[in-house]
Each structure stands twice: as structure tokens, then as C-alpha cells.
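Naming convention: chains lettered A, B, ... in sequence-line order (proteins, then strands); numbering from 1 in each chain. Predicted, not measured: the structure shown is a model, and the values here were computed from it.
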Amino acid sequence: MSYNTNEIQRIEEKWQKFWDEKKIFKSEMDAAKEKYYVLEMFPYPSGKIHMGHVRNYTIADVIARFRMMQGYNVLHPMGYDAFGQPAENAAIKRGVDPAEWTYGCIDEMTHELKRMGFSYDWDRGLSTCDAEYYKWNQWIFLKMYEKGLAYKKESPVNWCPSCDTTLANEEVINGACWRCKSEVKQKDLSQWYLKITDYSERLLEDLDTLKHWPERVVTMQKNWIGKSFGVEIFFKVKDSNEVIKVFTTRPDTIFGATYVVLAPEHPLVDKFTTSANKAAVEAFKKQVAALSKSERVSGTDASSESRHDAPLAGASGVFTGGYAINPVNNEIIPIWLADYVLMEYGTGAIMAVPTHDQRDFEFANKHQLPMRIVIQDPARPDLKVEQMDAAYVEEGKLVNSAQFNGINNVEAMRAIGEWMEKTNIGKTTIHWRLRDWLISRQRYWGTPIPMIYCDCCGVVPVPEKDLPVALPEKIKITGQGGSPLAYCQDFVNVKCPKCGKPARRETDTMATFFDSSWYYLRYCSAQDTSQVFDKKGAKYWMAVDQYIGGIEHAILHLLYSRFFTKFFKDIGLVSVDEPFVRLLTQGMVLKDGEVMSKSRGNTVDPDTIIVKYGADPLRVCILFAAPPEDQLEWSDGAVDGSWKFLNRLDRLVEDKFKGVKVNYTIKDLSGAAEELERERHATIKKVTSDLETYKFNTGVSAMMILINAIEKFAPKDEIEQAVFDQTLRSFVLLLAPYAPHLCEELWQKMGGTEASIIKAKWPQYDESALKRSVVEVVVQINGKLRSKIDVPIEFTSDQVRDLAMQNEIVHKWVEGKPIRKFIYVPEKLINIVI
RNA sequence: GGGCGGAUGGCGAAAUUGGUAGACGCGCUAGUCUUAGGAACUAGUGGGGCGACUCAUGGAGGUUCAAGUCCUCUUCCGCCCACCA
């Protein structure tokens, strides 16, 4: 029987059925065994899986199966992030029911995942659109509300005109909707927020405990949280009682402040705008207000300088006519407005130090504002304002700064901050970039926010016993005019739980990031309908030992999940601080150098590969082609290679495996058999460590090297046949996480007694079997490779030197020249310097 | 503009972390054989040279007995973030 398409289909179907029926991957708590929780970021059920899924889940599956074979109690669940816009868009476009559409996709996707042979415990499967799941979304929301972490706020929000809904700050990419790319506008709405900012400090601090996260993800989160130490400095307004609070991270430059700039929306602007400047200021405010955030942000972006549609491009501003007093030297300085100062950050007002801040420098040049140098480069301490063509932003010594002259500016930051606090002209503060999380969505296909508005009692939370607030079925979705639930009278009208009078339900639904912020906890007890998740289950399984997913979730999803975990810890439901111990971010799958995507039309359907080659060759190919974190350039030809590799193994077992078992050690062997036995041990070592460090590609290549050796080996007697057979047994075990179907089949053929190869013991190697008595040592002359010699490992440096000198080629090179240096790296290399 | 990664044959990539550059695979070339298949097997495959040799890890310097790996400068590419004060 050869490893052809029919046979592959037969084998793969056979074992998939077997795993399913025998529930081989069912996981149960067992205090006696060490647990290992492997999790991939659950998919949005779009129906078909794509190569990105295949890569993500294959990586996870290899890890899961490897840990199973090592004897860990592995939890490896799968579910669906099923709420969201595509289902609703399908409903709008084609009139289908979002629920029906979604469940259809889930069925299709489940079928495809099973065809890949992934080792999921399907009994723990979940879909976030099940009432049984989103009920607990609502429960969590109520808990947060109870703790003051969920609140409603009227505020300008990002509005996507195309999706007809609001977006979180995090969902706005360069001023455009992250999903549909249309430009985002501002709009005032009353929205539900989660107070993630209460957790800023912990979210930041605990990043340091995530030793097994990619450095760059940690950095990205740090930047996103954006803690900055600074000083709020109080500038009195001249001829007025008003005080402008300015936030700066550079108090060391305060003596160089030559003007103050406010955001146009700043509430104090009218207080000091002079009548002569009023018209210009009003016109400017209007102009800025008309800009969307993206236009405003791109104004001074160097890359967009050539834009013709941005009339305000290039740090535009206007003089108010008012003046402020610099508290450190009582200087009278003008107050300006500028579009580049944002009301949302800091205090909405800045002090401008054009000599030491590039933006201020450009603004001052454009509007002819004064400058003064307060930091000098100690190496060239004679910089003059007239010579500057850019701000000086390096370190240096303070000048023109009264009692602080001569101090290094970095040291001065603290000294000046402390001095200001003492003299009451400022106070040191901490500012965060992180904003509260807007979760309201004017959408149908999501979790209804469980709140009720009563004319008598105000905002009333839905009592726990009334959960879930079910999403009404079969309603008409047009995609127009905000929340679809608002048009569903049966849903909206409700009796107030407090006073019993007619009241109205909240008609917004939750952002789907809410759903995905805690699903990993739900898996710990997915069948439990009585509570959000079982504390004991969470205690046993959490944290996730290995989480795998795309880098695109480096900030949002991971930050929200960390926030939820900390919240659950605070209300006593979990004992861990962080949800994910290890994080692996897999690289993208490319085709012809571009990201594989539907919009580019360069996708390869995994299904066609499975039909043509089978799931095992696809798995091996995708793991062999590149390290998991790197981009992967897809090529059909590479699957051919993996297929050949598996085919060769199949033939070897079929034709040459005899099932001979003889007890032997490497000492009983010699020649080719000894060599093969050594390679067997070396390969076990290599593949095991590669699996532990996620170098799946070199793991495969190690196995390819071994199969080359096995093919060359011709057993001469029974003990050599035993070596041959033993090597094949080890081989099949090592390959099992990569190509599980074929390995199950071969393991059975080889007489494996376990129900599944997954229950077989992971092969062990013997370090002493790896040692050779004679090693090849490279001989370099002046660092250039000239010869190689065989050296017995017990030889001393002097003995090796003598041996090297006897070598003919070495002799030829060295003859008649004095040896300056002799370097010997044991068992590796000799370098003779002449 | 900021941050983080990259750059090695025709292609995907290895390189024990400073020690034989190109493992392994794809592709290609030549050959063998057959039950003509998606074959399989054998040999070869970075450039130059008949050769001994020599030149090669984006580019230019440097440190070292020894550099793909460390340092300085530089070019290009990818990703993430961005008037964040």
C-alpha cells in the first residue's frame, strides 16, 4: 500500500473518526498530573479556514500533542468569536438571519478544522453568540457596574459613517475605521465605558513579569499605556485671575519657554482673547472644529506635506492677544492657539520651547516667535539661536536658567520639578496615554448591555436572575440609523425592576472585544451553566501556558484580557494576575511577497491542498517552511517536498520494518549500526529541544537527516535489524506531533499497544550515546580553513598540536615559517598563526 | 517623526550564540530503471579558475588568532505606533 491520495484520505478519515469517537483529547482535571494549557486565539467563524488559521493552529497543535506525549495533562480547546459585523453585514446585504448565517459558518469551519486533525477537546467548544455564553458577558458587565468600573458618559466618539456606529480609539487606524477603512468622524453620544484606566499602573507594572512574551509586544503595550512623568506648571494670565495649567515632560526647559499654546477648545480661551483678535480666533476655532481627527493629526506629518486638501497643514495657529507670566522668571509671553495641541491629552495646554522641541521650533519659525537656548552641548557650548536649523534635543548643560545653570538637563528635570512643587508654581504629575474603553456599539449582532432606563429610578441594572437579556430573533436589519434594537418594541419596552413602571432597555450592544477578553476562562468549565466559570477549574487550568496568535492583537485583545483577569482576581474568581504565561505571535502567510488576503485575491485554499496532498503534508510543510514567528512565503512546491518525506517514511516501514526487538546498547554496536544508533539519539535530542523552543523547521530538517541515514543503512544481522527497527519506532514517535494521522497508522502497524500514539511515551535519549571517541577537528592557518584531522577526544592540546603538525597539508603551509600562535578549541578547531 | 524587526545561493532557509558559511528542503542539470507515477534511485548544483587556490552573508570601516554573529557609519525592506508635549 503506498502513500497515495486515496490512502491518505482513508488514513486521515480513519484516525479523525477514532479520535472523535474515543474522545482521545478530552481533558479532565487531575491533581496528580501536571497541567498544560495550550490556546490559540479563537477565530471569527467566516466559514472557510485560511492559511493563516492553518499556520496558527498547526503550531498550537504540535505543541499540544508534544506535551501530551510528554505526559502533561493538556487542555487544548477551540471555540468561536461569533458576534460581530460580518454576520450583520451579510444580513444587511443578503437579508439572511445573522444567527442562521453564523451557525452555518461555525458548522463549516468545525468540519474544516477536524479535517486538519487538530487535537481539540470539542466538548469544551463555545460560541460567543450562544445565550449561554453572552449571558455571562452581561453578568461580568453587571459586576463591573457594581464595582464602579462600568459607567456612561456623554462624549465625542469616533463615528464611522459607513458602519454607522461608534469605534473605540483603538479601532481607529490612522483616522480610518479599522474594519472598513472609511474616514472616521466625531459625534457626541452617550456611551458605556469600562474604566480600564483604574488598572493602568498594574497593567504596566505586571508587563515586567511576562518573561516569555515577545519583547516587542511588551514594548507596544508599554507605549500604549503610555505612562509619562511630568510637571503641571501654573502660568498666570496677565491682567486676570485665571491660571493656565500646562503639562510638560520637560520641566528642565522651563526657562526657555517663550510662549504658551492652548488647544482651540480650551475652556479658558475666551477669558483672555482680546477684542482685536476675537474674529481671527473664532475663525480659527471653527476651522479646527471642522477637521476630523485624522485631518488634524496629519497636519504636520512630514509625509503629508504635499497634501493639497489640507488648508491648515503645517502647525497652524493664531495669536489670542493675551499674555501669560512664566512663573520662574516672571517673563510676559504670548498665548497662542494651535491645532496640534490636543484637549484630550495632558491639560490641553503646553509651554513652547522652540530651541529644544522640533515641533515648537517649526511653529516659532513660521509665526516669528522668540527663542532662547537653555541647554548647551558641553562639547560645543557656543550654539546661537541664529545658527539653528533644528531644535537641539540632545542632552546637555543648562544655561540661562538662573540657579540651575551648569546642571545636566536630565538631572535638572527632577530638581526643577521638586523646586516648583516647593515654591507652589507647579506640581509633579503622572499622565497616562491609556483611555477608558468604549464598549457601546449601535449594532444588532452582539451582547445586549443589560441596563434599563426608568423615568422614576434612572439607570437600573438588570437583576442577575433575569439574565440573559436575550437578543431578539428574526428582526429586520437595515444597517441604517444606529442601533437596530431600538426599533424592536418588544425588546425595548420593559418593566422597571425597581418600581415596576414602564421603562426602556439599553439598545446598544457590547464591542466583541468584550467577548474575547475572558473566553479562555470559560473553557476551564465550558459545560457549567450555573456560573461564569468554575473557580476550581480556573484554579487548576489557569494561566494559559502557551497562547498563540497574530501580532495584530498585540495591543487591544491582549490588554483587555489582562484587564479582565485582574478584575476577576479582584473579585476573587481567579488566583492568577496574568492570563497568558507564554505568548507566541506567528508570522503572516505571504504569496508572491504579499500578505495573503481575499482583497488581494492571492489566497490559497487549504482545502484544495488537503484534497490534493492531505492534512499531514500540509502541516509538515507549513512548519518546515519558516520559523513560526517569521513571515512564511507560501509555495505549492514545498508541499511536494513534505509529501515526499512522509512517503519515504511510509515506504520504509512498509518494506523494511521487521519488528525485531533485541536488548542492546550502543556499546554492542560498531560501524554503520553504531553510527545510526548515535544519530537516533542525536535526533531525539534535537527534535525534543526544537519542540521546546518552537524551532519546528529545524526539527523537521533533523528528521529528514535521520531518514536519509536510515535509508542508507542495510542491516546485516538480527541486532542490526533491531537497531533499524528501533530507529523507525523513535522516528514515528518524534514525527507524531507534526504528522499525527500517518504516525498513528504506522505506530499501529509497528505493533504499538497504546490506543493512540498520543498515549505512547515520548522517546528518550542517552547523552553518553552521543559521544564519539575520535572527532574531526578543523585546521585553520591564519584563520583560513586548510585541512581536517581526526583527533581522539582524550588528547591534550600539546598532543593535538603534534598531530596537526604531522598533517601533510599543514606541513606544507607552515614549513619554514615561525608559528606565532597556536589556538585549539577542543573537539572543534585549530588555528595556527604564522 | 517614534518604536521594533529584517537583509545569507535561482527560491524557503540553517549556522552549536565569536569557531568549517549555505545544513535540510524546493528548483535545476546529467544519468539509471520501471508496473509511465504526483514516480523512484544515483551523481552534481554560490561565483571565478584546468588546477593549487580564490572571492562571497545589503554597503563602507573597525575590534579579534578567528566576524553572518560584536562595535561605528550607511542603504534598502517589513510591521506597529504617532501633533502624546
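- Counting non-hydrogen atoms under 4.0 angstrom, A/Ile705 reaches the backbone sugars and phosphates but no base.
- Across all strands shown, A/Gln780 has heavy atoms under 4.0 Å from base atoms, whether or not it also approaches the sugar-phosphate.
- Not a single donor-acceptor pair, N or O on each side, falls under 3.5 Å between the base of B/rU20 and the side chain of A/Lys828.
- Contacts of A/Pro214 with the nucleic acid, taken as non-hydrogen atoms under 4.0 Å apart, are absent.
- Taking the six-membered ring for Trp and the full ring otherwise, the centers of A/His431 and A/Phe247 sit less than 6.0 Å from each other.
- Look at CZ on A/Phe363: it is 18 Å from P on B/rA85, rounded to the nearest Å.
- At the heavy-atom level, A/Lys784 lies under 4.0 Å from the strands shown only through sugar-phosphate atoms.
- Atom OH in A/Tyr340 sits roughly 16 Å away from atom C1' in B/rA82 (whole-Å rounding).
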*asked:* The test is salt bridge (Lys or Arg N to Asp or Glu O under 4.0 Å); show your working for A/Glu679 and A/Lys686 and say whether it passes.
replied: CA-CA 10 Å; A/Glu679 286 212 44; A/Lys686 173 74 175 154; over 6 Å; no

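- Summarising the geometry, the separation between CG on A/Leu785 and P on B/rA67 is reported as 14 Å, rounded to the nearest angstrom.
- Across the protein-nucleic acid pair, A/Leu829 atom CG and B/rG18 atom C1' stand 11 Å apart, rounded to whole Å.
- The residue A/Phe822 sits apart from the nucleic acid: no heavy atom pair falls under 4.0 Å.
- When atom types are taken as modelled, the side chain of A/Tyr824 and the backbone of A/Glu827 share a donor-acceptor pair closer than 3.5 angstrom.
- Contacts of A/Asp357 with the nucleic acid, taken as non-hydrogen atoms under 4.0 Å apart, are absent.
- The CG atom of A/Asp690 sits 15 Å away from the C1' atom of B/rU17 (whole-angstrom rounding).
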